Amino acid sequence: MSFPIHRMRRLRKTETLRRMTRETRLSRDDLVLPLFVVEGSGVREPVSSMPGVHRFSVDQVVEETKRVFDRGVPAVILFGIPDAKDAVGSGADAADGIVQRAVSAVKGALPELCVMTDVCLCEYTDHGHCGIVEGEEVRNDASVARLAETALSHARAGADVVAPSDMMDGRVAAIRRILDEHAFEDVPILSYAAKFASAFYGPFRDAAESTPQFGDRRAYQMDPPNRREALREMRLDLEEGADALMVKPALPYLDILADARREFDVPLAAYHVSGEYSMIHAAAERGWIDGERAMHEALIAIKRAGADWILSYAAADLAPSL
Ligand code: PBG
């Protein structure tokens, strides 16, 4: 027996009823804000393809994290953009590299803020690939060795969580091993486990100057149509010692996130990536959508699908309203 006995609209009638009936709530505690760090001082330069996003020098990123933490965002993830790049990404694991200096400055100023780091070579290599290149191929095992050194340098600088985003095979195990060997057994690994070769990274590559100079990332990042393979990636990373898993991008891959939620008990992160963020801003600028509502709706959908942590460029904008 259905209508007229059952009327779904009864519980939607007032804001108070809707508030009481709401199944999912976005909280400040869910949010992680990505931040770009560049060389220099006093730098706060807007990223043209990402409205509201800036690239900060180390001194300014400290100021920005204070503002963000005051707004109730518990975590940031730092991306370094060095001045000098080379074939092996020497800047990635330099003790005085851009990210290493930023981590120690931010942790010094705000010990309570959770500082995550993106572990990858693409911002540091002159060819823009995420690993070591031989000919036109990205070599897996040589890349893994560099990535492990990079994660270690981030831990030494004081990172709370290291997050490898390169998609080389075996990198989680290698990072776990090198961290443990150097008494960083308590530093967790958030693995970008199901990271797809996505067109939605476009604006990020502007911001990070990490567009591949030849080819693309399809020989290491996942093929977008693959769902079972994503579960396998995540399972392998857990076996290798990942503490938390990430799905990236977020909205086009909510099925993967929901699968992962059913399958795994670890914290799940989802990255609402640059293209997802900038599309909302672009449409809002044209007056086509209400940007703030659309952003909130996007993030609540990500939470509803099963994410515990949401990486979002809008984290600091939305936090006060949560
Ligand atoms: C790689 C990395 C990328 C992003 C995060 N880490 C770019 C890529 O794989 O090309 C994209 C994030 C975004 O688009 O917001 N280090």
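Side chains are part of it too, since the values below use all heavy atoms of this structure and drop only hydrogens, waters and symmetry mates. Keep in mind that what you see is a predicted model, and the values were worked out from it rather than measured. First listed ligand is number 1; within each ligand, the first listed atom is number 1.
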Which of the numbered atoms in ligand 1 are under 4.0 angstrom from any heavy atom belonging to E123? 16 (N)
Output the list of atoms in ligand 1 that are nearer than 4.0 Å to some heavy atom of F79, sorted by atom number. 5 (C), 6 (N)
Donor-acceptor contacts under 3.5 Å from residues 224-244 side chains, at least two apart:
| unit_1 | atom_1 | unit_2 | atom_2 | d |
| --- | --- | --- | --- | --- |
| N226 | ND2 | E229 | OE1 | 2.5 |
| R227 | NE | D259 | OD2 | 2.8 |
| R227 | NH2 | D259 | OD1 | 3.1 |
| R235 | NH2 | E263 | OE2 | 3.2 |
| D237 | OD2 | R171 | NH1 | 3.4 |
| D237 | OD2 | S191 | OG | 2.5 |
| E240 | OE1 | V172 | N | 3.3 |
| E240 | OE1 | A173 | N | 2.9 |
| D243 | OD2 | I189 | N | 2.8 |

How close do A148 and I175 get, heavy atom to heavy atom, and via which atoms? CA-CG1, 3.9 Å
Can you tell me which residue and heavy atom of the protein come closest to atom 2 (C) of ligand 1, and the distance to 0.1 Å? K195 NZ, 3.2 Å
Kindly list each side-chain donor-acceptor pair under 3.5 angstrom involving residues 33-51, sequence neighbours excluded, with atom names and distances?
| unit_1 | atom_1 | unit_2 | atom_2 | d |
| --- | --- | --- | --- | --- |
| E39 | OE1 | R101 | NH2 | 3.0 |
| E39 | OE2 | R101 | NH2 | 3.1 |
| R44 | NH1 | Q60 | OE1 | 3.2 |
| R44 | NH2 | E64 | OE1 | 3.1 |
| E45 | OE2 | R55 | NE | 2.8 |
| E45 | OE2 | R55 | NH2 | 2.8 |
| S49 | OG | P203 | O | 3.4 |
| S49 | OG | D206 | OD2 | 3.3 |

Which one holds for C120 and ligand 1: side chain close, backbone close, both close, or neither close, with close meaning a heavy atom under 4.0 Å? side chain
Touching ligand 1 at all, Q221? Heavy atoms, strictly under 4.0 Å? yes
Quick one: nearest non-hydrogen protein atom to atom 12 (C) of ligand 1, plus distance? F204 CD1, 3.3 Å
Compare every heavy atom of D30 with every heavy atom of K303, then report the nearest pair and how far apart it is. NZ-OD2, 2.9 Å
Please check if atom CG in D265 has more than 12 non-hydrogen atoms from other residues, nucleotides or ligands closer than 6.0 Å. no
Would you call the rings of F196 and Y253 parallel, tilted or perpendicular if under 30° counts as parallel and over 60° as perpendicular? parallel
Among non-hydrogen protein atoms, atom 14 (O) of ligand 1 lies closest to S274 OG, 2.7 Å
May I ask you to check if ligand 1 and S210 share an N or O to N or O distance below 3.5 Å? no
State the CE-CG distance between M295 and D290, to the nearest 0.5 angstrom. 11.0 Å
Does the pair H272 and Y313 meet the rule for a ring pair (Phe, Tyr, Trp, His ring centres under 6.0 Å), with working shown? CA-CA 8 Å; H272 190 241; Y313 298 98; 8.4 Å; no
Measuring from non-hydrogen atoms of M167 to any atom of ligand 1, is the shortest distance under 4.0 Å? no
Taking non-hydrogen atoms only, is Y271 closer than 4.0 angstrom to ligand 1 via side chain, backbone, both or neither? side chain
Numbered in order shown, the ligand 1 atoms found under 4.0 Å of a heavy atom of C122 are 1 (C), 16 (N)
Identify, for atom 15 (O) of ligand 1, the protein heavy atom at the shortest distance, and state residue, atom and that distance. Y313 OH, 2.5 Å
Only one of T24, L257, V247 passes side-chain contact (heavy atoms from CB on, under 4.5 Å) with I302; say which it is. L257
Pick one of side chain, backbone, both or neither for how D166 approaches ligand 1, counting any non-hydrogen atom pair under 4.0 Å. neither
Give the residue, atom name and distance (to 0.1 Å) of the protein heavy atom nearest atom 6 (N) of ligand 1. K248 NZ, 3.2 Å
